[in-house]
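In what follows, chains carry the letters A, B, and so on, assigned in the order in which the sequence lines appear, proteins first and then strands, with residues in each chain numbered from 1. FYI, side chains are in, hydrogens and waters are out, and symmetry mates aren't considered; it's all heavy atoms of this structure.
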Protein chains: 2
Amino acid sequence: MHNNFSTPPASSTSIRPARGRPREFDRQAALAAATRLFWIKGYEATSIADLTETMGIGTKSLYAAFGSKDELYAEALKYYYTTYEGLVWTRFRKAATAREAALAFLQDSAIAMTGGDLDLPHGCMATLATVGSEGHSELGELMRATRAGGFDILKARFDRAKSDGDLEATADTTKLARFVQTVQSGMAIRARDGADRDELHAVAEIALSGWDHITGNIDHRMQGKA
Amino acid sequence: MHNNFSTPPASSTSIRPARGRPREFDRQAALAAATRLFWIKGYEATSIADLTETMGIGTKSLYAAFGSKDELYAEALKYYYTTYEGLVWTRFRKAATAREAALAFLQDSAIAMTGGDLDLPHGCMATLATVGSEGHSELGELMRATRAGGFDILKARFDRAKSDGDLEATADTTKLARFVQTVQSGMAIRARDGADRDELHAVAEIALSGWDHITGNIDHRMQGKA
DNA sequence: TCCTTTATGCAGTGATCGATGCATAAATCG
DNA sequence: CGATTTATGCATCGATCACTGCATAAAGGA
C-alpha cells in the first residue's frame, strides 16, 4: 500500500527521499518480485505502479532494466518456467514407467499449484494467463507456446513408453497426453479458486486410477482384478 | 466490427448521425451482444467503447439500461448461464446412471466449448474469468459462485446414484464431482487454446473410461501399480 | 580530487479508462 | 397541434494507463 519512505530506517545518515543514486538494485530479486505479481494478478491487471512498488525500484530503473511491460512479462514468464519447472518435472523424468511419470507430474503439480514448500502463488502462471492476452498477440503466442511445451514433454514420454514396452503399441499417446494436460489445466483453475492440496491430489489419483483400462493394458495385465 | 449505421437501410428519411431519439433499442439483443463480448475478451479487457460499438447503442443508453460496467457484467453472466445452461446439463439430467450423466456432461461440454450448434465463443465464460477479477471482489465472488454451482449439481447427482444403487456406498462423491469439474475446467482452457471438438471428446472419453475402477476403489486407496 | 557514468525520484506525456452533463429530436399523450 | 417524456450523439470529466524527460547525487576511473 505505502512505499518504504513512510517509515525510514532512522539510523540512516540521510533520510533518502533524496534525488541521487541510492544503490544498485538486485535485478534478479526485482524480476522474482515482478514474476510473483504477474503470477497473482495476471498481465492486464498488473500496472507499472504495482510493479515498481513491489519491485522496490523506480519507473525509470524498470524501463532501463527491462525495456517495457511486455518485455518484463516475457522475462518473468521465462523466469517462472526455469525456476519452477523442476517442481513439476523432476520426478516425472525419473519415473520408470509412463504411468508413474504421469502420476508424478499430476501429483507434483498438485503440490506446486498449492504453494509448494515455499509460499508460491496458487495455480499455474502460464495456464491462468489464457484470458486477457487479447490485443497482445506476441505475448499470447508466448504463453501458448509455454503451455504447449507441457504437452510435448508428456507425449514424448508416452511415445518412449511404447518403445520400452510399458505402453501398448495401440495406445493413442496424443490423446493420452492431451488428457493429462487437460487435467493439469483444470487443477490450475481449481487451485486459483481455493482448492487445497488434498483435493488436487485426489483429482490426480482419480485421473490415473483407470490408467490400465485407458491405455489398453487392462486386457493383458488386469485380468484378475478385485 | 462495425455498427449498423455503416450501411443504413437506404429507405430511411434521414441518414441518422442525427442527434435525437432514433429508435428504442432491443435490451435483450444488446445484452446478448455484451455477453458474447465479455465471454470472448473477459471483463478487464472489454472497454465501454468496445461494448457500445458491439451493442450498437450509445454510452448514455448503456448506463441508463444497465447501471455500470460491473452490473452489466453480472447481468451478462446471468444471461450466459440461463441461456446456455441447457447445452451442458440437459442430457445430464435425463441420464439413467451417474456414469452416463457424467459422460453426457463432459461430452456436451466438449460440444458447447467448441461453439455448439451455433457460433458460440469457445470455452466457458465463467471458468475463463478466473483471473482478472482482482480488485472486483463482488464480481469475483459471483464468478466463483457460478463455477461452484457445477460442482453442487454433479455431487447431488452422484449422491442420488448411491441411493439408486448404481454407485458403491463407499464411493467418495465429493472427490468424484471435483474430478469431473476439474476435467471440465481443463477443457475450457484447452478450448480457448484452440482445441477442437474431437480432442475434447477424447478427453471426456478417457476421463471416464476407468469409471468402474474409479468408483469401486476410491476409498481404500489404489493398490495397483504394475 | 575532478570528471564521467549511471541509477534514481519526480513530474508530466498523450492515450484511454469508466462514467456523466447537455442539447437534440423522435415518440407519446392531451 | 402543443407539451412532455425519453433515448440519443457528442463532448468532456477526473483517474489511471504505459511510458519518458530532467535534475540530482552516488559510484568508479583518472
For nucleotides 16-20 of chain D, give me every protein contact, N/O to N/O, under 3.5 Å, one pair per line with atom names.
residue, atom, partner, partner atom, Å
D:dA18, OP1, A:Thr46, O, 3.2
D:dA18, OP1, A:Lys69, NZ, 2.6
D:dA18, OP2, A:Ile48, N, 2.8
D:dC19, OP2, A:Tyr63, OH, 2.9
D:dC19, OP2, A:Lys69, N, 2.9
D:dC19, O5', A:Tyr63, OH, 3.3

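A:Ile214 and B:Ser209 get closest at one heavy-atom pair: CG1-OG, 3.0 Å.
For A:Ile57 and C:dT6, the CD1 to C1' distance is 14 Å, given to the nearest whole Å. Going from atom CG of B:Leu62 over to atom C1' of C:dT20 covers 13 Å, rounded to whole Å. The distance from atom CZ of A:Arg27 to atom P of C:dA7 is 12 Å, rounded to the nearest whole Å.
Checked against B:Trp39 for a ring pair (Phe, Tyr, Trp, His ring centres under 6.0 Å), the options B:Tyr81, B:Tyr73, B:Tyr84, B:Tyr79 give a single hit: B:Tyr84.
Listed by chain and number, the residues in a salt bridge (Lys or Arg N to Asp or Glu O under 4.0 Å) with B:Asp119 are B:Arg36 (sequence neighbours excluded).
The pair A:Glu85-A:Lys78 does not count as a salt bridge, with every side-chain nitrogen at least 4.0 angstrom from each carboxylate oxygen.
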Anything under 3.5 Å between a donor and an acceptor, one on a side chain of residues 103-113 of chain B, the other on a protein residue two or more places apart or in another chain? List them.
residue, atom, partner, partner atom, Å
B:Gln107, OE1, B:Arg91, NH2, 2.9
B:Asp108, OD1, B:Arg91, NE, 3.2
B:Asp108, OD1, B:Arg91, NH2, 3.1
B:Asp108, OD2, B:Arg91, NE, 3.1
B:Ser109, OG, B:Phe105, O, 2.7
B:Ser109, OG, B:Gln184, NE2, 3.0

